[in-house]
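Here is the structure we will look at.
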Amino acid sequence: MELPLPMTAADLLQMPYPAEFAAGAQSAVTTCLRIDPAEKVTLITDRATEQIAASIGEQLAARGCQWNAFLLEDLAPRPLVDMPAAVLADMESSQVSIFAVQVQQNELHSRMQMTDVVNRRHMRHAHMVNITPEIMCQGMRADFNLVDRLSQQVLERVRKATRIRATTAAGTDITAEMNPGYKWFKTSGIISPEKWGNLPGGECFTSPGEVNGTFVVDGVVGDWLCARYGLLHATPLTIEIAGNRIVSCSSVNKALEADFWAYTHTDENSDRVGEFAIGTNLGVERVIGNILQDEKFPGIHIAFGNPYGEHTGAPWRSGTHIDVVGLGFNIWLESEAGQEQIMRDGRFLIAA
């Protein structure tokens with residue numbers, strides 16, 4: 001049997017897509033990535049996301065830049081063991097890459113291979129993992145310049161903080177001691193060579209020194225568990241954290257509890273708090289059951305596993321990374337200057 005030829009950029013431009021994707025695609029190409037006509041772009045997608053990729057491709061063509069498109073199923077079996085060599089080779093001569101894919105279980109290693117190239121070459125990279133039509137019409141339509149201004153206000157405050165305390169009505173009560181040797185970053189949707197970012201953007205993050213307390217996940221959990229378990233308001237997951245590691249987790253949904261526990265015990269650092277973050281995307285009005293957008297929801301989210309040490313400065317690593325999102329936060333920053341509350345019941349108290 002003759003195999004079909006791999007998809008090309010020209011093929012993608014022939015693909016119809018819903019007109020409502022255009023605004024989000026234009027925002028990605030012109031506002032978030034600020035692609036110059038003289039630049040080269042690597043666009044990576046899959047069969048499930050090809051219409052969204054087609055809307056982005058049309059914007060790339062309108063910019064007049066050189067770009068190549070790759071459909072993962074044309075290149076390797078899913079779930080991916082490794083990122084296909086053709087993709088990685090093309091990235092070596094690109095200034096920008098866009099990854100718009102529905103990820104599958106155990107594919108994190110292949111994505112790390114991709115972001116290793118991004119980090120080494122200081123590429124501007126848009127990470128659109130599990131992007132959906134709903135997100136294209138919601139979070140991707142945010143005013144990213146406004147989100148960037150708010151993120152900068154948050155960043156300037158958290159960089160001075162020695163301790164952050166957060167509570168929710170659902171029962172979260174955590175204290176994070178900050179490590180002055182670790183860096184804070186904003187990924188506001190305005191993507192720079194300094195740090196690749198998820199789209200839609202809107203968060204400030206670091207790796208914490210030490211987190212202790214109770215975190216009630218009444219929003220969503222990340223990676224492949226997100227698609228499996230969706231919104232957790234009715235069946236929240238309660239995580240007890242001591243010395244920056246998970247002590248226990250519990251939920252009335254025992255399958256969720258078991259899957260989360262297994263995921264966070266994959267390797268020696270899978271249960272360690274690697275990320276502490278504040279969502280800043282004012283265009284996200286509610287959680288929808290998709291971690292790509294939900295982690296940008298205004299409030300606190302933390303992640304267990306890989307601390308993105310190449311950016312934050314944390315000296316340890318993990319092969320896993322799973323975010324957890326709570327709702328309705330109160331947030332206090334403590335610094336040498338005193339204490340400041342920056343959020344009450346999920347609403348920022350600082351202006352953009």
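Note that the structure is predicted; figures quoted are calculated from it, not measured.
Nearest heavy-atom pair across Met140 and Gly24 is CE-O, 3.4 Å. Pairing each heavy atom of Met343 with each of Pro298, the nearest pair is CE-C, 3.8 Å. Of all heavy-atom pairs between Gly289 and Val220, the closest is CA-CG1, 3.7 Å.
Side-chain contact check for Asp46 and Gln102: no donor-acceptor pair (N or O, by modelled atom type) lies under 3.5 Å. Side-chain contact check for Glu50 and Thr45: no donor-acceptor pair (N or O, by modelled atom type) lies under 3.5 Å. Looking at Gln153 and Arg149, their side chains never bring a donor and an acceptor atom within 3.5 Å of each other. Of the N and O atoms on the side chains of Glu203 and Thr280, not one donor lies less than 3.5 Å from an acceptor on the other residue. Between Ser151 and Asp148, the side chains place no donor N or O within less than 3.5 Å of an acceptor N or O (distance only, hydrogens not considered).
Within a 6.0 Å radius of CZ in Arg347, no more than 12 heavy atoms belonging to other residues, nucleotides or ligands are found. Within a 6.0 Å radius of NE2 in His233, other residues, nucleotides and ligands contribute 12 heavy atoms or fewer. Within 6.0 Å of the NZ atom in Lys40, the count of heavy atoms belonging to other residues, nucleotides or ligands exceeds 12. The neighbour count for Glu268 CD, taken as heavy atoms of other residues, nucleotides or ligands under 6.0 Å away, does not exceed 12. Within a 6.0 Å radius of CD in Glu310, more than 12 heavy atoms belonging to other residues, nucleotides or ligands are found.
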Handout entry: Evaluation steps, side chain to side chain contact (heavy atoms under 4.5 Å, CB included), between Leu349 and Ile342
Key = CA-CA 5 Å; Leu349 303 177; Ile342 64 166; 5.6 Å; no
Exercise for the section: Mind running side chain to side chain contact (heavy atoms under 4.5 Å, CB included) on Glu194 and His311 for me, showing each step along the way? Expected result: CA-CA 9 Å; Glu194 180 187 31; His311 300 294; over 6 Å; no
Practice task
Let me see the working for Val101 and Val129 under side chain to side chain contact (heavy atoms under 4.5 Å, CB included), right down to the final yes or no.
Solution key: CA-CA 5 Å; Val101 170; Val129 169; over 6 Å; no
Practice task
For the pair Arg159 and Leu155, evaluate side chain to side chain contact (heavy atoms under 4.5 Å, CB included) and give the outcome as yes or no after the intermediate values.
Solution key: CA-CA 6 Å; Arg159 279 179 169 168; Leu155 186 68; 3.6 Å; yes
Problem - From CA spacing to verdict: salt bridge (Lys or Arg N to Asp or Glu O under 4.0 Å), Arg78, Glu107 - result: CA-CA 9 Å; Arg78 304 285 301 274; Glu107 286 190 331; 2.7 Å; yes
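In this structure, CD1 on Ile288 lies 11.5 Å from CZ on Phe297, to the nearest 0.5 angstrom. Atoms CD1 and CE, on Ile56 and Met128 in that order, are 4.0 Å from each other to the nearest 0.5 Å. Rounded to the nearest 0.5 Å, atoms CD1 (Ile44) and CG (Leu88) are 8.0 Å apart. Considering CD of Glu295 and OG1 of Thr187, their distance stands at 7.5 Å, rounded to 0.5 Å. Taken from CZ in Phe205 to NZ in Lys186, the straight-line distance is 13.0 Å, to the nearest 0.5 Å. One distance of note links CE of Met136 with OG of Ser55; it measures 4.0 Å at 0.5 Å rounding.
Residues Cys226 and Asn130 form no side-chain contact, since every pair of their non-hydrogen atoms from C-beta on lies 4.5 Å or further apart. Contact annotation: the side chain of Tyr263 approaches that of Trp224 to within less than 4.5 Å [non-hydrogen atoms, C-beta and beyond]. Side-chain contact between Thr167 and Trp332 is present, with at least one heavy-atom pair separated by less than 4.5 Å. Looking at Ile322 and Phe260, their side chains come closer than 4.5 Å, going by heavy atoms from C-beta outward. Put simply, the side chain of Asp36 does not reach to within 4.5 Å of the side chain of Gln95, judged on heavy atoms. Taking the side chain as every heavy atom from C-beta outward, Tyr229 and Thr235 never approach each other to under 4.5 Å. You'll find the side chain of Pro79 stays beyond 4.5 Å of the side chain of Asn106, heavy atoms only. The shortest distance between side-chain heavy atoms of Thr175 and Arg163 falls below 4.5 Å.
Residues Leu60 and Leu71 share a single hydrophobic cluster, defined by chaining ILVMFWY side chains whose heavy atoms lie under 4.5 Å apart. Grouping the Ile, Leu, Val, Met, Phe, Trp and Tyr side chains by contacts below 4.5 angstrom, directly or via other members, places Val287 apart from Val217. Both Trp67 and Ile131 are assigned to one and the same hydrophobic cluster, defined by single-linkage of ILVMFWY side chains at heavy-atom distances under 4.5 Å. Cluster annotation: Leu327 and Ile300 are assigned to distinct hydrophobic clusters (Ile/Leu/Val/Met/Phe/Trp/Tyr, side-chain heavy-atom contacts under 4.5 Å, transitive). Using a 4.5 Å cut-off between side-chain heavy atoms of Ile, Leu, Val, Met, Phe, Trp and Tyr, with links allowed through other members, Ile246 and Leu256 fall into the same hydrophobic cluster.
In summary, Arg120 and Glu92 engage in a salt bridge, as defined by a charged side-chain N under 4.0 Å from a carboxylate O.
The backbone N or O of Glu275 lies less than 3.5 Å from no partner atom in the side chain of Ser207, so there is not a single donor-acceptor pair. Between the side chain of Thr266 and the backbone N or O of Ser270, no donor-acceptor pair lies under 3.5 Å. One N or O on the side chain of Asn212 and one on the backbone of Gly243 form a donor-acceptor pair closer than 3.5 Å. The main-chain N or O of Leu333 is never found under 3.5 Å from a side-chain atom of Arg157 such that the two would form a donor-acceptor pair. Between the Gln59 side chain and the Val29 main chain, no donor and acceptor come within less than 3.5 Å of each other. A side-chain donor-acceptor contact under 3.5 Å links Glu257 to the backbone of Ser251.
Remark: Lys195 is positioned above the aromatic ring of Tyr308, its terminal NZ or CZ atom under 6.0 angstrom from the ring centre and at most 45 degrees off the axis.
Among Asn306, Asp267, Asn269, the one residue that satisfies the side-chain hydrogen bond (donor to acceptor under 3.5 Å, both in side chains) test with Ser318 is Asp267.
Partners of His127 according to the ring-ring contact (aromatic ring centres under 6.0 Å, His included) rule, which considers only residues two or more places apart in sequence or in another chain, are Phe99, His125, Trp196.
In this pair, Trp184 and Phe276 present their aromatic rings perpendicular. The plane angle is above 60°, beyond the 30 to 60° band.
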